[in-house]
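Here's the structure, in structure tokens; my notes come after.
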Amino acid sequence: MNVYDSQRMQDVLAPAGYVAIDNAENADLVIINTCHIREKAVEKVYSELGRYRDLKAQRAALGLEMKIAVAGCVGQAEGEEITRRMKSVDLVFGPQTYHRLPELLRQNEISRKAVIETEFSVADKFVGLAEEQVRHPTSRSVTAFLTIQEGCDKFCTFCVVPYTRGAEFSRPVVQIVEEAKKLAGQGVKELTLLGQNVNAYRGPSLNGTPSQLGTLINELSQISGIQRIRYMTSHPRDMSDDLIEAHGSNPKLMPYLHLPIQSGSNRVLKAMNRGHTTDEYLNVIERLRAACPSIALTSDFIVGFPGETDAEFDETLDLIRGINYASAFSFKYSPRPGTPAAENKKQIPEDVKSERLARLQNLLNAQQIAFNQTCVGLTLPVLVEKPGRQKGQMIGRSPYLQSVHLDLETEALGQIVNAKILAVGPNSLSGQYVPETQKGVTSI
Ligand code: SAH
Ligand code: SF4
């Protein structure tokens, strides 16, 4: 979502004459778009800010200006603390105010004082951004993110999202369809619908009734040009029937789902306030696999949640063994100020967390390699996204979001081609282009 937000910041700054550049030495404005989900992310922001403070001083010595802005959830959560710790910062704003960036810059210009803006106005933000997009469509690649939902009302006890992104908000269907059409017009072939709880989507449809995600996906798949649709991140509690059905019936909806469970222990899930049990999660997966047998699953895991015992951690390993994930993200529990779990007295020592994380990641890596191996010999449709490092090589994505290297010319950019998967590397697959006319290939 931060990638999407950063692109929108470029859109709103374009009329003021700003263009994105690659190196900060020549920048008039540096915006750090931040994430607050784990502690490491916050520390990274402060160390980056130290680097830009030095650059700012170097530019000042040459008589040049550099404004420094902190955007995103660290800005939202830390507010004035940032300008207190880092005097060189000119602007701090949260994820719901960046559409007002030109105005905030002007305020700073006039007052010559740091401007802090952390109010919530999600609906206003999207209206403002939509108007800006009509005037200044930015060119994009063949894949694009599209935020359809923001915020969260679930309050898992470890998580800052409900505090930094605010309450659940779903954009109206018409607004989303309009943005998707615009993207399709710019050559986008694959849409990834975004939301902190994307499948809790309940945006108003034309007649005012709330629309569910499955219905929205079916509507978006009517747009000619849009060939593939994905969505993330989903919550197990919100996997409604219409969405599961869409996985069985809509060929544009990719057979791939990121569905975080966090832990395989029911006691830990309860303490996390996840609102579902392992059985309920497994039942969702069973229904998904029945609707779409080729579906690949991924998840997020937290190890070392306060009070997690060895036996409870083993339950997570068992659950993973039973499911077979295509890939997954895993993290050590990071206490976030202001969240209930951070107050829990039974914090797990760092070395125990590290040891558990290593074991969990070994298992998940082995599953990822095994999943990739099952693709060898298959012919998969690959959306060609960009040129590879070598001449005559292109990189695309399989339906399962794997990177696929192919020997192809640049004309193939934006096309979905058939590729026979020949080999599996650590992070990607390599395949051979199979011309349409060649028969007798196994396809999924
Ligand atoms: N809404 C999604 C997750 C959004 S946050 C869901 O409910 O699944 C992305 C991921 O960050 C989470 O799935 C979780 O695994 C991780 N995460 C969030 N807070 C964390 C914390 N305090 N410590 C470690 N990992 C955390
Ligand atoms: Fe955070 Fe996801 Fe839980 Fe919401 S549902 S509080 S975003 S982990």
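Note that ligands are numbered from 1 as they come in the structure, with each ligand's atoms numbered from 1 the same way. All values derive from a computational prediction rather than experimental measurement.
- Of all the heavy atoms of Arg38, the ones lying under 4.0 Å from any atom of ligand 1 belong exclusively to the side chain.
- Those atoms of ligand 1 with a heavy atom of Thr233 less than 4.0 angstrom away are 2 (C).
- Across Pro260, Ser334, Ser330, Gly195, heavy-atom proximity to atom 21 (C) of ligand 1 is greatest for Ser334.
- Taking the charged nitrogens against the carboxylate oxygens, Asp318 and Arg321 do have a contact shorter than 4.0 Å, which makes a salt bridge.
- No hydrogens or angles considered: a donor-acceptor pair under 3.5 Å links the side chains of Ser330 and Gln361.
- Taking the six-membered ring where the residue is Trp, the centroids of Phe93 and Tyr98 are separated by 6.0 Å or more.
- Distance check on atom 4 (C) of ligand 1: every protein heavy atom falls at or beyond the 4.0 Å cut-off.
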Query raised in the report: Where do Glu179 and Lys182 land on the salt bridge (Lys or Arg N to Asp or Glu O under 4.0 Å) test, with the steps shown first?
Result: CA-CA 5 Å; Glu179 188 166 334; Lys182 235 169 275 157; over 6 Å; no
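- In this view, Glu350 and Lys332, Lys353 satisfy the side chain to side chain contact (heavy atoms under 4.5 Å, CB included) rule, not counting sequence neighbours.
- A salt bridge is absent between Asp314 and Arg356; no separation between the charged side-chain nitrogens and carboxylate oxygens falls under 4.0 Å.
- Residues passing the salt bridge (Lys or Arg N to Asp or Glu O under 4.0 Å) test with Glu81, sequence neighbours excluded: Arg84.
- For atom 1 (Fe) of ligand 2, protein N, O or S atoms under 2.8 Å: 1 in total.
- Residue Lys332 places a heavy atom under 4.0 Å from ligand 1.
- Near Arg336, with a cut-off below 4.0 Å to any heavy atom, the atoms of ligand 1 are 22 (N).
- The aromatic rings of Phe371 and Tyr400 sit perpendicular, their planes meeting at an angle over 60°, well past the 30° parallel limit.
- Considering backbone and side-chain N/O atoms, His235 never comes within less than 3.5 Å of an N/O atom of ligand 1.
- With ring centers used as reference points, Phe301 lies under 6.0 Å from Tyr325.
- By the 3.5 Å distance cut-off applied to N or O atoms, Tyr333 is not counted among the residues near ligand 1.
- Atom 1 (N) of ligand 1 has Gln196 O, 2.7 Å as its closest protein atom, hydrogens excluded (heavy atom only).
- Distances below 4.0 Å separate heavy atoms of Phe158 from the following atoms of ligand 1: 18 (C), 19 (N), 20 (C), 21 (C), 22 (N).
- With hydrogens left out, the protein atom closest to atom 15 (O) of ligand 1 is Gln262 OE1, 2.7 Å, a heavy atom.
- Just one residue in the list Glu150, Gln76, Glu117 forms a side-chain hydrogen bond (donor to acceptor under 3.5 Å, both in side chains) with Gln96, and that residue is Glu150.
- Residues Asn207 and Ser205 have side chains that bring a donor and an acceptor to within less than 3.5 angstrom of each other.
- At a heavy-atom distance under 4.0 Å, only side-chain atoms of Arg274, from C-beta outward, approach ligand 2.
- By the side chain to side chain contact (heavy atoms under 4.5 Å, CB included) test, Lys189 pairs with Val142, Gln227, Leu383, sequence neighbours left out.
- With a 4.0 Å heavy-atom cut-off, ligand 1 is reached by the side chain of Phe331 but not by its N, CA, C or O.
- Here the protein heavy atom with the shortest distance to atom 9 (C) of ligand 1 is Asp300 OD2, 3.7 Å.
- For the pair Ile37 and ligand 1, a heavy-atom separation below 4.0 Å is found.
- Between the CZ atom in Phe313 and the CG atom in Leu360 there is a gap of 5.0 Å [rounded to 0.5 Å].
- Under 4.0 Å from ligand 1, the heavy atoms of Arg274 that appear belong solely to its side chain.
- A side-chain donor from one of Thr298 and His258 sits under 3.5 Å from a side-chain acceptor of the other.
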